[in-house]
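One structure is given here, and the rest of the page talks about it.
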Amino acid sequence: MTHYKVNAETCYSIFTKAESSVSPAQSAHSSIRSSVDQLGALCAKGEAAQITSALQGAYNRVLTQNMTTAEQRITQAVAGGRGAVAAIQEGDEIMANRS
């Protein structure tokens, strides 16, 4: 039989700290998107229009995908961790009640 021992309070504290990084990450992402849009608008005419296209392409291919994925993974990892700790606690309660 496998036995797990978890300090739930510490785990939940870590999850809360991890969750607190999502909002600043979203704000940074929004700020970068705004800066890319502003720079693109400045370069939108004449020969510099190619810069706008390349900048938007790089942002869309590299930054937005990776930043969005990171934000989502933090949220999903925290939810999974909370679920695992809750399941272990519930299992401990069930075993304690049975014995």
Side-chain angles (χ1 to χ4, degrees):
M1 175 186 236
T2 303
H3 175 74
Y4 297 97
K5 184 171 181 163
V6 173
N7 182 329
E9 185 177 322
T10 300
C11 290
Y12 289 130
S13 173
I14 292 167
F15 299 147
T16 299
K17 186 173 182 177
E19 280 177 322
S20 72
S21 69
V22 174
S23 182
Q26 289 170 330
S27 293
H29 186 186
S30 179
S31 177
I32 291 169
R33 180 175 41 245
S34 177
S35 295
V36 167
D37 289 344
Q38 289 174 0
L39 184 56
L42 292 172
C43 300
K45 295 181 181 178
E47 293 180 21
Q50 293 176 354
I51 295 171
T52 300
S53 177
L55 184 60
Q56 288 292 337
Y59 172 77
N60 290 330
R61 279 189 313 277
V62 179
L63 291 174
T64 201
Q65 181 179 1
N66 290 331
M67 293 179 86
T68 301
T69 299
E71 294 161 14
Q72 292 170 346
R73 285 186 178 172
I74 292 168
T75 301
Q76 292 168 350
V78 167
R82 286 185 190 278
V85 171
I88 291 168
Q89 287 180 308
E90 183 179 339
D92 286 346
E93 288 177 23
I94 291 170
M95 286 189 287
N97 289 337
R98 287 183 181 164
S99 58

Side-chain donor or acceptor of Ser31 paired with backbone N/O of Ser27 under 3.5 Å: no
Qualifying residues under side chain to side chain donor-acceptor pair (under 3.5 Å), relative to Ser53, sequence neighbours excluded: none
Set of side chain to side chain donor-acceptor pair (under 3.5 Å) partners for Gln65, sequence neighbours left out: none
Least distance between heavy atoms, Val78 atom then Ala18 atom: CG2-CB, 3.8 Å
CD on Glu9 to CD1 on Ile14, rounded to 0.5 Å: 11.0 Å
Close side-chain approach of Glu19 and Ile74, heavy atoms under 4.5 Å: no
Spacing of Gln56 atom CD and Arg61 atom CZ [to the nearest 0.5 Å]: 11.0 Å
Working for side chain to side chain contact (heavy atoms under 4.5 Å, CB included), residues Gln26 and Val22: CA-CA 6 Å; Gln26 289 170 330; Val22 174; 3.8 Å; yes
Closest heavy-atom pair and its distance - Ala44, Ala49: O-CB, 3.6 Å
For Ala8, all residues meeting side chain to side chain contact (heavy atoms under 4.5 Å, CB included), sequence neighbours excluded: Tyr12, Val85, Gln89
Listed partners of Gln72 passing side chain to side chain donor-acceptor pair (under 3.5 Å), at least two apart: none
Side chain to side chain contact (heavy atoms under 4.5 Å, CB included) between His29 and Asn66, worked out: CA-CA 10 Å; His29 186 186; Asn66 290 331; over 6 Å; no
Donor-acceptor under 3.5 Å (Ser20 side chain, Lys17 main chain): yes
Under the side chain to side chain donor-acceptor pair (under 3.5 Å) test, residues paired with Thr10 that sit two or more places apart: Asn7
Shared-cluster residues of Leu63, by chain and number - hydrophobic side chains joined below 4.5 Å: Ile32, Val36, Leu39, Leu55, Tyr59, Met67
Thr69 side, atom OG1; Gln76 side, atom CD - distance, nearest 0.5 Å: 9.0 Å
Separation between OG1 of Thr52 and CG of Asp37, rounded to the nearest 0.5 Å: 10.0 Å
Closest approach of Ile51 to Cys43 (non-hydrogen atoms, all atoms of both residues): CG2-SG, 4.0 Å
